[in-house]
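Notes follow once the structure below has been shown.
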Amino acid sequence: MLLIAGIVPDNEYPLTVGKVTQAEDGRSLLTDGRRIPCAQGTAAMLSTALAVTKYLGLEAPYAVLAGDTGSGTGTRQIYNYLIKNITKLSPQVLSLHYCLPILTLMQQLHLAVREVPQKPLLIADAGSMYAAKASGLAPQFDLFTPDASELAFLADPEAIHPAYISNYLFEGDITKAPEFIQQAYRINGAAKVMLVKGSVDYIAAHGQVLEKVDEPNVPELECMGGTGDTITGMVSAFIYAGFALEQAAIISAKANRTAGLVTKVTPASHVGELIQQLPRVLKENLCSWSGLCTR
């Protein structure tokens, strides 16, 4: 099972658990009969993971969702559900996305995950990544997918939230990523593998950059909401499919850029347009990128 958990920006959205399906309109998802638009955030991540798992002939992602716009209610519902049920669910991959960084709940979830007979691979982005780093659990995660500013937070030994990172780090740009990557690993602020998203994508492990992905160059992707979420959804799905962490990260970075090129995105494009092109992108390129030449 690929289990993806995160909040949606709607306080009226109740705790919702179940497999994800595509709605008939093509721009929404359904989980347990409830609809969420694939605009960005956890929904965009889920939609991308669904597109990849469907292409590869795998089981659709399983979602744990709740509404939260800052109160923390939905976040607590998600954490408490996972803490109580993670052993029963027993996913192969647990991918945590937008949630408020509540450190005590992250620590409790980590303890619960340790009780799963076959420990899942752990992926974190956004608020879940902040909680993992701030609670000292970053090295226990298999993959983080930060952008440049989030990487600066991971590299700051004092910060417990990106709002409080040191000025000299905050002012850094993606070209300084190798330096920040090394520092994040030195202070135990990094997962085993890192996929740093930006105008250049960096894949790193053990403090070293393994690969730099900068082609195709599609600057418009940097202006679109949700394109970082699509990368995280893709890499979660490829890891669930059995790809090595580093290979899944490299393929996801290339596929996201190629989908943007094929879609001819503009800053006004909807992330759903990019997601719709993923089957074509994978059909034309996955063999050369990975050696996986049959679906």
Side-chain angles (χ1 to χ4, degrees), residues 1-54 60-86 89 91 93-102 105-106 109 122-132 144-147 150 161-162 197 224-237 240 256 269-276 278:
M1 175 192 293
L2 167 57
L3 176 56
I4 295 176
I7 58 174
V8 296
D10 178 358
N11 284 330
E12 301 302 315
Y13 195 91
L15 178 68
T16 303
V17 178
K19 281 188 181 180
V20 178
T21 59
Q22 191 80 45
E24 290 182 0
D25 63 8
R27 303 188 79 170
S28 302
L29 296 177
L30 294 173
T31 301
D32 194 26
R34 295 191 174 92
R35 184 183 301 266
I36 49 172
C38 308
Q40 57 189 70
T42 304
M45 176 184 174
L46 275 167
S47 186
T48 310
L50 178 61
V52 175
T53 53
K54 183 177 180 181
Y62 197 87
V64 178
L65 307 170
D68 198 333
T69 59
S71 69
T73 300
T75 293
R76 289 181 174 86
Q77 289 176 327
I78 290 169
Y79 272 120
N80 288 330
Y81 180 86
L82 291 174
I83 291 165
K84 182 179 179 180
N85 294 284
I86 193 66
L89 293 168
V93 178
L94 174 59
S95 197
L96 303 171
H97 203 233
Y98 283 102
C99 279
L100 269 68
I102 302 176
L105 289 177
M106 174 59 81
L109 176 58
L122 297 177
I123 300 169
D125 191 15
S128 296
M129 183 172 62
Y130 310 158
F144 281 171
T145 56
D147 60 23
E150 290 169 333
H161 188 278
K197 304 172 292 191
M224 281 180 61
T227 54
D229 305 317
T230 56
I231 289 183
T232 307
M234 263 191 279
V235 74
S236 299
Y240 173 56
N256 210 54
S269 296
H270 188 281
V271 72
E273 300 170 37
L274 185 147
I275 296 169
Q276 289 175 354
L278 286 177

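Numbers for residues simply follow the sequence, beginning at 1.
If you take CG on Leu105 and CZ on Arg76, they are separated by 6.5 Å, rounding to the nearest 0.5 Å. Rounding to the nearest 0.5 Å gives a distance of 6.5 Å between CG of Leu29 and CG of Leu50. Taking CE from Met234 and CE from Met45, the interatomic distance works out to 11.5 Å, rounded to the nearest 0.5 Å. Between the CD atom of Gln77 and the CD1 atom of Ile7 there is a distance of 11.0 Å, given to the nearest 0.5 Å. Once rounded to the nearest 0.5 Å, the distance linking CZ of Phe144 with OH of Tyr130 reads 11.5 Å. In this structure, CD1 in Ile78 is found 11.0 Å from OG1 in Thr73, a value given to the nearest 0.5 Å.
A heavy-atom distance below 4.5 Å is not found between the side chains of Ser269 and Leu274. Within the 4.5 Å cutoff, side-chain heavy atoms of Gln22 are placed close to those of Ser47. The shortest side-chain heavy-atom distance between Ile4 and Ile123 does not fall under the 4.5 Å cut-off. For the pair Leu82 and Leu3, the minimum side-chain heavy-atom distance is below 4.5 Å. Between Leu65 and Arg34, the closest side-chain pair of non-hydrogen atoms is not below 4.5 Å. Side chains of Thr48 and Asn256 form no contact here, defined as non-hydrogen atoms less than 4.5 Å apart. The shortest side-chain heavy-atom distance between Asp229 and Tyr98 falls under the 4.5 Å cut-off. Annotation: side chain of Leu96 is not in contact with side chain of Leu122 (no heavy-atom distance under 4.5 Å).
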Point to revise | Test log, rule side chain to side chain contact (heavy atoms under 4.5 Å, CB included), inputs Asp10 and Ile36 | key: CA-CA 10 Å; Asp10 178 358; Ile36 49 172; over 6 Å; no
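Looking only at distances, no side-chain donor or acceptor of Gln276 sits under 3.5 Å from a matching main-chain atom of Glu273. Of the possible donor and acceptor atoms, one in the side chain of Thr230 sits under 3.5 Å from a partner among the backbone N and O of Thr227. Ser28 contributes no side-chain N or O that, together with a main-chain N or O of Ala23, makes up a donor-acceptor pair within less than 3.5 Å. In this structure, Asp68 contributes its side chain and Ser71 its backbone to a donor-acceptor pair below 3.5 Å. Put simply, the side chain of Ser236 gets close to the backbone of Thr232: a donor and an acceptor are under 3.5 Å apart. Using modelled atom types, one side-chain atom of Thr53 and one backbone atom of Ala49 make a donor-acceptor pair closer than 3.5 Å.
The minimum heavy-atom distance between Gly74 and Ala66, with the atom names listed, is O-CB, 3.5 Å. A pairwise comparison of heavy atoms in Gly6 and Cys99 identifies CA-SG, 4.1 Å as the closest pair. Across all their heavy atoms, Tyr79 and Leu100 have their closest contact at CE1-O, 4.1 Å.
At a threshold of 4.0 Å, the pair Lys197-Asp125 counts as salt-bridged, since one of the basic side-chain nitrogens sits closer than that to a carboxylate oxygen.
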Without placing hydrogens or testing angles, list every side-chain donor-acceptor pair under 3.5 Å for residues 11-19, not counting sequence neighbours.
| from | atom 1 | to | atom 2 | distance (Å) |
| --- | --- | --- | --- | --- |
| Asn11 | OD1 | Thr69 | N | 3.0 |
| Asn11 | OD1 | Thr69 | OG1 | 3.1 |
| Asn11 | ND2 | Thr69 | OG1 | 2.7 |
| Thr16 | OG1 | Pro14 | O | 2.9 |
| Lys19 | NZ | Glu59 | OE2 | 3.0 |

